[in-house]
Protein chains: 2
Amino acid sequence: MQKRTTFVEVTLITPTAAMSPAVHGNRAKCLQRLIRLEMPVPTTVALSFDAVSKIAAGDLPDMAQVMAPFGETPLLSVRPSSLSPDWGGPAAVLNIGMNDARLDTMKDTVGEAAATALYARFIHAYAIEVARLDPEVFELPAKPTADDLRLALETYEFEADEPFPQDPTEQLEAVLRSMARAWDGTTARLLREAKGAPADAGLGLVVQEMALGVGRDGECGSGVIQYVDSTTGKPQVTGRYLGQSQGRDALGDVEGAIYLTKDPRGRSLEDLSPVIFAELLAYRDLCRSRLREEMEVSFTIENGKLNILDAVKVQRSSRAEVQIAVALAEDGVIPREEAVLRVKPAALSEMLHRQVDPDAKRDVLVTGIAASPGAATGQIVLSANEAQASAARGEPCILVRRETTPEDIRGMNAAHAVLTVRGGVTSHAAVIGRGLGLPCVVGASDLSVNTRRGEIETPDGRILSEGDVITVDGTRGQVLAGAPKMLEAALDDAFQTLLSWADEFRDIGVRANADTPADAQTAKNFAAEGIGLCRTEHMFFEGDRLGMMREMIFAETEEDRRAVLERLLPLQRADMKELFSIMQGKPVCMRLFDMPLHEFLPFDKAGQRDLAASLALPLPDIVERVQALSEYNPMLGMRGIRQGIALPEIYEMQARAIFEATVDAAKDGINIVPEIMIPLISAMKEVELIKARIDAVAASVQAEQRAEFDFKLGVMVETPRAALRAEDIAEYSEFLSFGTNDLTQMTYGLSRDDAGRFMSTYVQQAVYEEDPFHTLDIEGVGELLSIGAERGRKGRKDVVLSICGEHGGSRTAIAFCRTEGFDYVSCSPFRVPLARLSAAQLALNERLM
Amino acid sequence: MQKRTTFVEVTLITPTAAMSPAVHGNRAKCLQRLIRLEMPVPTTVALSFDAVSKIAAGDLPDMAQVMAPFGETPLLSVRPSSLSPDWGGPAAVLNIGMNDARLDTMKDTVGEAAATALYARFIHAYAIEVARLDPEVFELPAKPTADDLRLALETYEFEADEPFPQDPTEQLEAVLRSMARAWDGTTARLLREAKGAPADAGLGLVVQEMALGVGRDGECGSGVIQYVDSTTGKPQVTGRYLGQSQGRDALGDVEGAIYLTKDPRGRSLEDLSPVIFAELLAYRDLCRSRLREEMEVSFTIENGKLNILDAVKVQRSSRAEVQIAVALAEDGVIPREEAVLRVKPAALSEMLHRQVDPDAKRDVLVTGIAASPGAATGQIVLSANEAQASAARGEPCILVRRETTPEDIRGMNAAHAVLTVRGGVTSHAAVIGRGLGLPCVVGASDLSVNTRRGEIETPDGRILSEGDVITVDGTRGQVLAGAPKMLEAALDDAFQTLLSWADEFRDIGVRANADTPADAQTAKNFAAEGIGLCRTEHMFFEGDRLGMMREMIFAETEEDRRAVLERLLPLQRADMKELFSIMQGKPVCMRLFDMPLHEFLPFDKAGQRDLAASLALPLPDIVERVQALSEYNPMLGMRGIRQGIALPEIYEMQARAIFEATVDAAKDGINIVPEIMIPLISAMKEVELIKARIDAVAASVQAEQRAEFDFKLGVMVETPRAALRAEDIAEYSEFLSFGTNDLTQMTYGLSRDDAGRFMSTYVQQAVYEEDPFHTLDIEGVGELLSIGAERGRKGRKDVVLSICGEHGGSRTAIAFCRTEGFDYVSCSPFRVPLARLSAAQLALNERLM
């Protein structure tokens with residue numbers, strides 16, 4: 001079986017061996033560090049990424065060389081060692097080397113029961129993890145007897161059609177090969193890629209001599225210790241210890257497992273062996289100061305002697321991640337820069353999880369298992385593709401599935417929450433949901449899902465359709481109708497400290513996209529330096545305004561339109577004033593009305609009848625107008641500046657509202673220089689025309705109110721042509737804000753709303769490296785940004801440059817904007833903290849290079 | 001009244017006066033030439049464009065200076081003199097200087113009746129053209145009497161509220177002012193702009209002493225002579241003469257007007273005055289050799305003496321234009337280059353007019369006046385905007401209006417024919433229709449048009465809706481149902497000669513866009529050098545194929561899809577073979593399938609029910625599929641390469657059809673290197689993937705058929721990103737063909753289908769200088785073309801570059817492509833002759849510079 005065509009390297013871990021995380025993985029490197037700190041680590045051998053990939057391809061190392069350091073008849077463990085512990089990997093396999101002969105000798109050393117159990121459990125693990133036999137036929141009691149062992153051996157032979165392998169070398173070869181190959185499985189790959197692993201991420205393996213944890217000569221057992229709380233990141237010794245055990249046995253819900261520190265609830269390791277406890281405690285500062293991390297240490301006590309098997313970064317919540325980084329920096333263990341660099345921006349996003357307000361009225365549709373915390377509201381979608389399409393449209397959605405499969409991962413990534421009918425806490429949906437930090441309810445088995453009709457039915461017979469809004473409360477395991485009030489995540493001191501450090505290092509501005517006062521408040525809470533994009537058209541859907549907009553659409557003359565706009569003016573002015581008040585003088589950039597008028601009209605017959613009644617017009621008039629306004633390609637249609645030129649009275653009203661609000665705000669002591677942004681520009685003349693009108697409105701407001709104010713007029717660059725003509729356009733524009741959403745659509749000739757249908761295929765086949773709506777396309781869209789920036793500066797030396805849109809908060813986009821010397825990025829309020837952190841990390845990385 | 005703030009220059013036309021068409025207009029310059037040729041031209045004074053624009057603004061020249069050359073009490077005429085005689089201008093005003101006193105003296109010289117008539121007609125012209133009184137109250141008999149004169153004077157005084165001006169200088173001032181201002185009228189402006197006049201085209205005026213044409217001392221009268229036939233351009237003396245007349249009186253349907261050459265039907269000028277006739281004939285060769293043109297000469301015989309008042313280029317049909325230019329060149333009067341430069345490409349387009357086949361069955365919907373020749377088929381549209389939208393979609397349309405107004409001109413320009421309910425041969429629709437070379441039927445008064453319902457009703461009660469197809473036969477004045485068989489225009493020898501000369505000078509290739517064998521045949525007839533774009537998807541709508549396409553859309557598996565495609569293969573192969581046969585080895589570039597699948601499905605319930613029946617599927621399945629395939633922005637959706645990657649079996653079938661047809665054609669002795677073009681590319685990887693598949697199909701066809709063939713694979717560059725990434729893309733592409741239609745849509749973020757709604761406003765307000773779908777946008781889209789070409793060449797030194805699409809045949813686009821070193825342009829078959837001529841003219845212009 002064994003062929004050896006290539007040399008497969010094997011490295012004994014010593015203080016001086018050449019070893020790096022990028023070659024051997026994080027675990028191997030960490031073990032070397034423990035050895036250097038003179039901790040009692042059993043003999044360990046490392047296989048590099050390269051070695052493991054050769055093993056997966058069919059080669060094997062010189063097994064004699066692998067076994068040599070361990071002496072005769074050792075028992076061995078194999079553990080995965082990838083570059084990042086977050087990327088998972090195959091399960092550890094322990095007690096390799098157990099066989100009938102060894103069983104006999106061990107009966108003497110550790111006793112028959114322990115030896116039998118150990119052998120039986122090895123067979124069990126080997127059968128499932130290595131021989132890939134059906135787990136259901138391999139049930140094993142917690143304390144296997146000699147009968148259980150015999151049954152296990154027989155079952156193995158029956159299922160595998162060969163006797164259980166007795167040769168330790170053969171066992172180890174099989175384990176190595178199996179673990180090496182498991183790394184290439186689809187689920188493993190998708191899971192680690194969701195954690196940010198690159199497509200070519202490697203797996204290393206460490207082979208370690210077992211410290212048994214069972215025996216008869218003094219205290220034997222195993223445990224795990226860490227020195228901070230995983231949830232809060234604050235100092236606290238936690239962990240468990242179980243006598244006569246191995247590996248991570250102590251962590252299960254198992255009888256006899258005890259706490260480590262003195263505990264009123266029962267015995268502790270401190271009681272049992274104060275010396276060993278003290279020894280473990282001593283490693284706390286050693287790890288912290290020398291490994292510069294909070295570690296979780298796995299240990300085994302073998303016949304009264306402490307062995308340190310492994311230490312990994314403490315598994316931690318996002319909150320703890322921030323707390324630990326900040327504490328290490330505050331204690332001088334690491335510099336602030338490193339604290340800022342250590343926290344993944346995504347961790348902040350998890351901290352920002354919203355929860356259903358405890359006081360909110362809860363209309364429970366169905367109950368299931370609370371599989372991943374946090375709560376989210378969105379429209380029901382019944383397929384991963386629809387979830388992606390919905391995300392592409394910027395509409396929050398809840399992915400509802402009977403159960404999820406690896407193929408759904410991209411859809412889950414796009415959804416705001418996940419709800420499944422089947423599955424438990426370890427189901428695919430639950431595991432992935434937690435991995436992605438998505439609120440998730442699983443096993444809502446009373447729910448029925450009819451994909452074909454696009455409907456779900458609740459236990460009490462309510463039918464909801466795709467597009468209906470529900471809320472998943474992953475903290476309580478409930479699914480609620482509609483959008484109950486939410487509580488924003490509470491952000492602790494460490495979070496604020498870290499971000500204040502980030503702001504010290506950051507060298508590009510971060511603003512928020514905020515359309516409503518609530519958004520603006522969130523933006524302010526997250527210390528956004530202003531509003532980079534306020535989409536004013538969203539203000540026209542609230543309350544009476546929709547009715548007025550419809551009235552305006554049906555107005556026959558400019559005069560009638562102006563009459564309706566007169567009534568909208570005070571409402572719009574109040575909107576603006578409120579935004580200015582919240583932002584307290586920080587800049588607010590308002591994009592003028594940019595929406596096809598047909599979006600204000602009802603498309604269903606009933607709605608049209610209602611509208612006919614309320615406007616006292618015949619139904620055919622309504623239908624005709626709806627048809628007349630409908631468009632083949634609304635994305636490329638009558639919106640933005642095109643409406644601004646056709647119906648200039650709308651922009652004039654908006655400009656007036658902005659200027660009057662500016663004057664009002666000044667009376668309240670809030671001095672603001674409002675920024676007015678014109679959407680969908682494709683030619684300089686468009687800007688020139690609108691600028692003349694807006695200047696005129698400004699002059700007239702100043703005259704009427706006898707007040708002085710400044711304002712800035714700029715352009716949203718979202719057509720390729722606007723980027724190409726930026727030099728002309730900048731003549732009339734004080735700022736250029738690149739709308740990368742639309743610019744991506746037009747550069748690719750690709751509608752976000754329709755791309756969902758094939759984007760996943762495209763990315764899977766690597767036709768596009770990334771979904772360009774998710775990750776800024778540097779090569780195409782980016783070039784237009786560079787061209788636009790360069791020409792914009794040619795036209796106006798001090799033109800202010802920024803990007804807004806979904807990409808704004810992403811690391812790729814921020815990196816690009818820094819390189820191009822942009823002034824700021826603008827992103828959704830909840831991404832502001834991430835953007836601040838990413839920007840700081842980019843600046844620091846540059847400094848380190 | 002008279003103010004003089006600026007000096008207004010006046011020039012007496014002498015052989016040596018400084019005078020140029022660009023300053024004084026064509027007529028003034030031409031008069032100078034006649035004077036140089038020593039023709040008997042009455043004294044004439046010229047006012048330059050500059051002078052006339054000052055007059056329009058309120059200034060006046062020194063009237064004493066104007067009058068000085070004419071001696072005492074002259075009678076004067078004023079005529080327009082713009083740069084091009086095609087641009088129209090205000091009507092000439094004759095007999096300025098007539099007044100009560102002059103009437104008395106002229107009674108002695110020309111007789112009372114003639115003097116009275118002359119005065120009355122001057123008052124009439126002055127009232128209408130200068131004082132702008134209501135023409136209806138100023139009716140005048142052909143031979144006005146003293147009573148008519150008195151009535152005219154009284155009417156004038158009553159309507160104008162002042163006596164008829166007696167001072168000749170005052171009369172002349174008023175005439176000059178009125179004519180100067182008429183040039184700025186909207187209709188005048190739109191009319192000349194439709195003829196290609198720039199927005200700032202100037203008007204000059206010539207003031208000439210009247211040669212009276214009435215009198216008692218020998219032969220008196222006026223006439224017009226030309227030496228070629230206006231319709232054919234072939235040599236033939238034509239014209240009319242009328243004794244005792246002035247101006248162009250002889251040309252009306254007037255009693256007493258006679259032919260010039262001896263005529264069996266009656267007296268002729270040759271009979272009447274052989275000396276003068278001979279004198280006129282002598283001018284023929286003088287004009288031709290010295291003015292290098294065929295001229296129409298206006299003459300007046302005053303008391304037996306010949307006066308030459310004016311000579312203008314003979315009004316001519318397009319056919320005559322070509323004939324004259326070719327004859328002048330063949331006779332050595334002008335070089336071939338100049339003949340090629342003289343013919344406007346648009347003239348060729350008029351020659352290409354189709355006619356209804358005399359043998360076709362005619363289902364006459366309504367009859368009207370045959371106002372402009374030629375016939376065209378298209379969908380009914382009821383507004384100018386719809387006509388533009390329809391043209392933008394590339395759909396031929398017929399503009400049906402109650403009557404047309406200047407606001408409709410752009411819509412008429414976009415329509416393939418015009419039909420009006422009201423109006424006669426000189427109605428707006430008729431004049432403009434002829435001007436634009438559009439088939440036109442006017443005065444179809446039995447037709448009723450209901451714009452609101454979008455319907456028209458014929459006299460026999462048939463109701464047709466917008467979108468229904470009709471045919472306007474402007475040659476016979478009939479409107480026909482549907483699309484009867486047409487006869488292509490017959491192209492004469494001169495046409496072919498001119499184009500063969502053009503091909504000698506041309507330095508860029510011209511291909512045709514041709515989807516069908518009929519298109520290909522037309523392309524070949526027009527000597528296209530190949531097919532630059534064959535849109536293969538159009539082949540899937542014919543006959544059974546639509547059914548098969550639908551079957552494919554509903555196929556559940558790739559296997560089922562392949563089964564349908566197997567049946568489509570022989571049909572597609574036959575299509576290809578036919579194209580190859582027609583093109584006889586000239587290159588054929590076939591664009592692979594590029595159409596959203598939903599366009600193959602019926603959107604109405606009835607059609608869906610039929611489809612359900614024919615596919616034996618439940619209706620809900622059909623409805624669901626239609627909905628699933630519908631898109632928000634089909635322009636930016638699932639089509640082109642995106643389908644090619646999702647459903648590769650379609651492209652594979654097409655490639656196979658192309659290759660098998662190539663092998664078949666070779667057996668018939670037709671050797672072709674087929675070109676395969678991939679649509680909607682936005683990334684290099686797309687090309688790489690499809691190329692691999694197509695190469696594989698080629699290899700397998702070669703193996704199966706034991707045949708060798710070459711083919712070329714290239715890309716349609718129609719997304720901005722494809723232009724930006726052209727260097728990568730060219731690695732896998734032997735040619736890049738720029739699809740400027742889609743590229744314009746994406747560069748502007750502007751859907752052709754929706755732009756009609758505001759494009760006319762945009763162009764009127766000069767927001768866009770031109771409709772970018774009509775005239776290639778050099779500044780924006782053009783830059784992407786330059787970038788794409790430059791990078792394409794970087795990626796592959798000998799990459800073949802071209803453009804296809806609506807712009808392909810336009811002068812602007814050809815000029816651009818020449819500058820950028822493109823290999824060819826491809827345009828619709830009927831534009832091929834224009835493109836050949838434009839390309840030649842551009843090359844010649846460059847040589848002359």
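Just so we're on the same page: letters track the sequence lines, and every chain starts at 1.
With contacts defined as side-chain heavy-atom distances shorter than 4.5 Å, the pair Asn633(B)/Asp754(A) qualifies. Residues Glu686(A) and Tyr768(B) form a side-chain contact, since some pair of their non-hydrogen atoms from C-beta on lies under 4.5 Å apart. The closest side-chain heavy-atom distance from Leu750(B) to Arg721(A) is not below 4.5 Å. Under the 4.5 Å side-chain criterion, counting only non-hydrogen atoms from C-beta, Leu784(B) is in contact with Leu724(A). By the 4.5 Å heavy-atom criterion applied to side chains, Tyr632(B) and Met635(A) are not counted as neighbours.
In this structure, chain B has a heavy atom under 4.5 Å from the backbone of Ser630(A), while its side chain stays farther away. Using a 4.5 Å cut-off between heavy atoms, Asp777(A) contacts chain B through its side chain alone, with no backbone atom that close. Only the side chain of Glu624(A) comes within contact range of chain B, with heavy atoms under 4.5 Å apart. Neither the backbone nor the side chain of Ile690(A) has a heavy atom closer than 4.5 Å to any heavy atom of chain B. For Arg393(A), the part lying near chain B is the side chain, with the backbone staying farther off; criterion is any non-hydrogen pair under 4.5 Å.
Looking at Glu783(B) and Arg791(A), a side-chain N of the basic residue comes within less than 4.0 Å of a carboxylate O on the acidic one, giving a salt bridge.
Looking at residues two or more places apart in sequence or on another chain, you find a ring pair (Phe, Tyr, Trp, His ring centres under 6.0 Å) between Phe600(A) and Phe541(A), Phe593(A).
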